[in-house]
Q: 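For reference, the structure I am asking about is given below.
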Amino acid sequence: MPQFFVYYVVFHGMPTRPTNIAVLGSTGSIGRNTLEVIAASNGSMKVAALAAHANTALLLRQAQAVRPKAVAVTDPAAAGRQDWSALPKETELLVGAENLVRLAADESADIVVSAIVGSAGLRSTWAALEAGKTVALANKESLVVGGPLMTELARRKNAHIIPVDSEHSAVFQALRAGRREEVRRVVLTASGGPFRSLSLEQLAQVTVADALAHPTWTMGPKITVDSATLMNKALEIIEARWLFDLRADQISVVIHPQSIVHSMVEYRDGSVVAQLSPPDMKLPIQYALTWPERREGIAEKLDWSRAMELRFEPPDFERFDALRLGLEAAEAGGTAGAVVNGANEAAVAEFLAGRLGFDRIVPICRSVFDNHNYIPDPSLDQLFEADGLARQEVLRWSMQSV
Ligand code: NDP
Ligand code: MG
């Protein structure tokens with residue numbers, strides 16, 4: 001054994017192999033934050049693979065920086081337009097959506113970061129769980145659409161789903177303070193979005209630019225719109241229901257405009273355990289990657305030398321029907337989550353394309369949900385079918401409203 005190795009082990013302990021991480025959705029807001037966390041990990045984490053949809057220029061730059069084993073592009077047209085000659089020699093280029101599943105299950109990855117937006121992220125989350133991987137889950141749609149099937153698969157394969165969503169990361173952390181049967185309820189915090197105090201007439205005038213300016217978080221466009229309609233909180237209620245195996249009546253929502261308390265667990269003796277930190281996704285991302293350990297990190301810290309106010313107020317269920325929709329879908333289970341999510345994705349896309357008013361997004365989702373053909377115990381294919389039908393329904397409504 002070389003002498004320097006013996007010295008190293010005596011002074012530093014046995015060197016551990018870096019954790020290999022596949023980042024699916026690496027060009028998005030969560031994906032970019034994940035790469036920052038990995039870059040600051042002093043070599044304890046390494047990128048195994050990257051995947052993106054169409055932003056090939058950024059994907060190429062990321063590949064040059066981290067030299068992964070493979071990169072996948074799901075939009076073949078975008079891949080065809082890019083000059084890949086500067087791709088590192090050791091990096092394999094994969095083109096087509098089917099490669100997401102391959103990367104998610106590949107033996108080179110210990111952890112798969114599921115950070116694709118929308119139900120497009122579902123199959124790769126599924127493949128990672130099927131391969132028994134730890135999934136750092138940002139793609140809440142995986143649980144909203146396929147909750148019972150995903151959690152059952154994870155159980156069967158001994159795979160872990162570690163939440164990246166800040167509220168769920170907070171609950172996940174607060175749950176370590178007590179036993180499962182001692183939990184009375186979970187309280188999800190919501191910033192309330194930028195339009196908390198607008199009148200119904202003013203809500204009808206909201207433009208795409210208004211909806212994309214979130215007061216406390218910088219995120220991708222779809223989730224930013226979801227935060228403004230409170231549909232993001234609806235999806236998070238459904239996500240929490242499956243992730244933590246709760247009944248819908250054990251999930252409450254409170255408006256907390258500062259986004260410092262990321263969520264709470266109330267125990268049966270009345271104790272409430274909360275997780276606090278400045279609004280910075282690097283913290284929940286890092287916790288998902290280092291769990292069950294905590295390490296030094298680059299996320300912003302709270303400054304206790306300055307006065308700070310934390311405000312909580314009950315949400316207005318009349319103004320924000322999305323919350324009721326979320327609770328109803330969480331209680332119904334079955335195809336309900338797939339329908340709410342599919343309808344919302346289609347409605348947000350129509351709004352971002354300028355074809356649907358902001359104040360129409362939630363009512364359309366409500367109508368599609370109330371009229372859908374509910375299946376209590378669907379297969380994965382039936383969930384995809386329900387998702388597709390919900391989208392078609394929204395397009396039909398959207399055409400009628402112009
Ligand atoms: P972004 O829109 O910023 O990024 C989305 C990523 O997914 C990009 O890498 C994009 O590639 C890729 N992508 C888009 N469509 C497809 C597709 N059809 N197939 C494969 N890849 C695709 O989203 P965010 O990072 O904001 O959100 C990602 C997920 O994390 C969402 O589910 C969101 O709800 C969740 N989340 C996000 C939070 C945040 O702070 N941003 C907080 C909590 C949860 P390309 O760039 O090439 O188009
Ligand atoms: Mg969240």
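Both counts, for ligands and for their atoms, begin at 1 and track the order of listing.
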Q: Kindly report the OD1-the Mg ion (ligand 2)-OE1 angle for D165 and E167 respectively, rounded to 10°.
A: 100°
Q: Can you pull out the closest protein heavy atom to atom 9 (O) of ligand 1? Residue, atom name and distance to 0.1 Å, please.
A: T27 OG1, 2.7 Å
Q: Side-chain donor-acceptor pair under 3.5 Å between S44 and N42, yes or no?
A: no
Q: If I apply the N/O under 3.5 Å rule, does G220 come out as touching ligand 1?
A: yes
Q: Report the nearest protein non-hydrogen atom to atom 18 (N) of ligand 1: residue, atom name, distance rounded to 0.1 Å.
A: A120 CB, 3.5 Å
Q: Please tell me whether S263 and E167 have a donor and an acceptor in their side chains that are separated by less than 3.5 angstrom.
A: no
Q: Considering only non-hydrogen protein atoms, determine which one is nearest to atom 17 (C) of ligand 1 and report residue, atom name and distance to 0.1 Å.
A: H53 ND1, 3.6 Å
Q: Please check whether T218 reaches ligand 1 - meaning an N/O of the residue sits under 3.5 Å from an N/O of the ligand, judged on distance alone.
A: no
Q: CD/Q286 to CD/E36 distance, rounded to the nearest 0.5 angstrom?
A: 12.0 Å
Q: Taking the Mg ion (ligand 2) as the reference point, name the nearest N/O/S atom of E236.
A: OE2
Q: Could you check whether atom CD of E296 has more than 12 heavy atoms from other residues, nucleotides or ligands sitting under 6.0 Å from it?
A: no
Q: With the threshold set at 4.0 Å, does a side-chain nitrogen-carboxylate oxygen contact exist between D106 and R102?
A: no
Q: Looking only at heavy atoms, what is the nearest atom pair of F195 and R319, with distance?
A: O-NH2, 3.2 Å
Q: Evaluate G28 for polar contact with ligand 1, using N/O atom pairs at a separation under 3.5 Å.
A: yes
Q: Is R180 salt-bridged to E182, cutoff N-O under 4.0 Å?
A: no
Q: Would you check the N or O atoms of W217, main chain and side chain alike, for any that come under 3.5 Å of an N or O of ligand 1?
A: no
Q: Can you check whether N55 has an N/O within less than 3.5 Å of an N/O in ligand 1?
A: yes
Q: Checking a contact table here: which protein heavy atom is nearest atom 6 (C) of ligand 1, and how many Å away?
A: A115 O, 3.7 Å
Q: Could you tell me whether M281 approaches ligand 1 through its side chain, its backbone, both or neither, with non-hydrogen atoms closer than 4.0 Å?
A: side chain
Q: Distance only, no hydrogens: is a donor on one side chain within 3.5 Å (strictly under) of an acceptor on the other, for Q62 and S26?
A: yes
Q: Starting at CG of L149, measure out to CG of L129 and round the result to the nearest 0.5 Å.
A: 11.5 Å
Q: Tell me if the CG atom of D269 is crowded by more than 12 foreign heavy atoms within 6.0 Å.
A: yes
Q: Go through ligand 1 atom by atom and flag the ones less than 4.0 Å from a non-hydrogen atom of A54.
A: 45 (P), 47 (O), 48 (O)
Q: Considering only non-hydrogen protein atoms, determine which one is nearest to atom 19 (N) of ligand 1 and report residue, atom name and distance to 0.1 Å.
A: T74 OG1, 3.4 Å
Q: For atom 24 (P) of ligand 1, which candidate among P284, A78, G25, S29 provides the closest heavy atom?
A: S29
Q: Determine, for E318 against R324, whether the closest basic-nitrogen to carboxylate-oxygen distance falls under 4.0 angstrom.
A: yes
Q: With heavy atoms of N139 as the reference, note each atom of ligand 1 found under 4.0 Å away.
A: 32 (O)
Q: Atom 36 (N) of ligand 1: which protein heavy atom is closest, and how many Å away?
A: I223 CD1, 3.6 Å
Q: Can you tell which of V117, V113, I285 gets a heavy atom nearest to atom 7 (O) of ligand 1?
A: V117
Q: I want to know if ligand 1 touches P221 in the polar sense, i.e. an N/O pair below 3.5 angstrom.
A: no
Q: How are the rings of F172 and Y287 set to each other: parallel, tilted or perpendicular (split at 30° and 60°)?
A: perpendicular
Q: Classify the ring geometry of F351 against F358: parallel below 30°, tilted from 30° to 60°, perpendicular beyond 60°.
A: perpendicular
Q: Is there a nitrogen or oxygen of R32 sitting under 3.5 Å from a nitrogen or oxygen of ligand 1?
A: no
Q: Of all the atoms in ligand 1, which lie at a distance below 4.0 Å from a heavy atom belonging to A138?
A: 30 (O), 32 (O), 35 (C), 36 (N), 44 (C)
Q: Would you mind checking which non-hydrogen protein atom is closest to atom 43 (C) of ligand 1, with the distance to 0.1 Å?
A: D165 OD1, 3.1 Å
Q: Go through ligand 1 atom by atom and flag the ones less than 4.0 Å from a non-hydrogen atom of I116.
A: 7 (O), 20 (C), 21 (N), 22 (C), 29 (C), 31 (C), 32 (O)
Q: Whether E141 and K222 form a salt bridge (side-chain N of Lys/Arg under 4.0 Å from carboxylate O of Asp/Glu) is what I want to check.
A: yes
Q: Between R156 and E152, is there a salt bridge with N-O shorter than 4.0 Å?
A: yes
Q: Under 3.5 Å between some N or O of ligand 1 and some N or O of I30?
A: yes
Q: Please work out whether any backbone atom (N, CA, C, O) or any side-chain heavy atom from C-beta onward of E141 is under 4.0 Å from ligand 1, and answer side chain, backbone, both or neither.
A: side chain
Q: Counting non-hydrogen protein atoms only, what is the nearest one to atom 34 (O) of ligand 1? Give residue, atom name and distance.
A: K140 CE, 3.3 Å
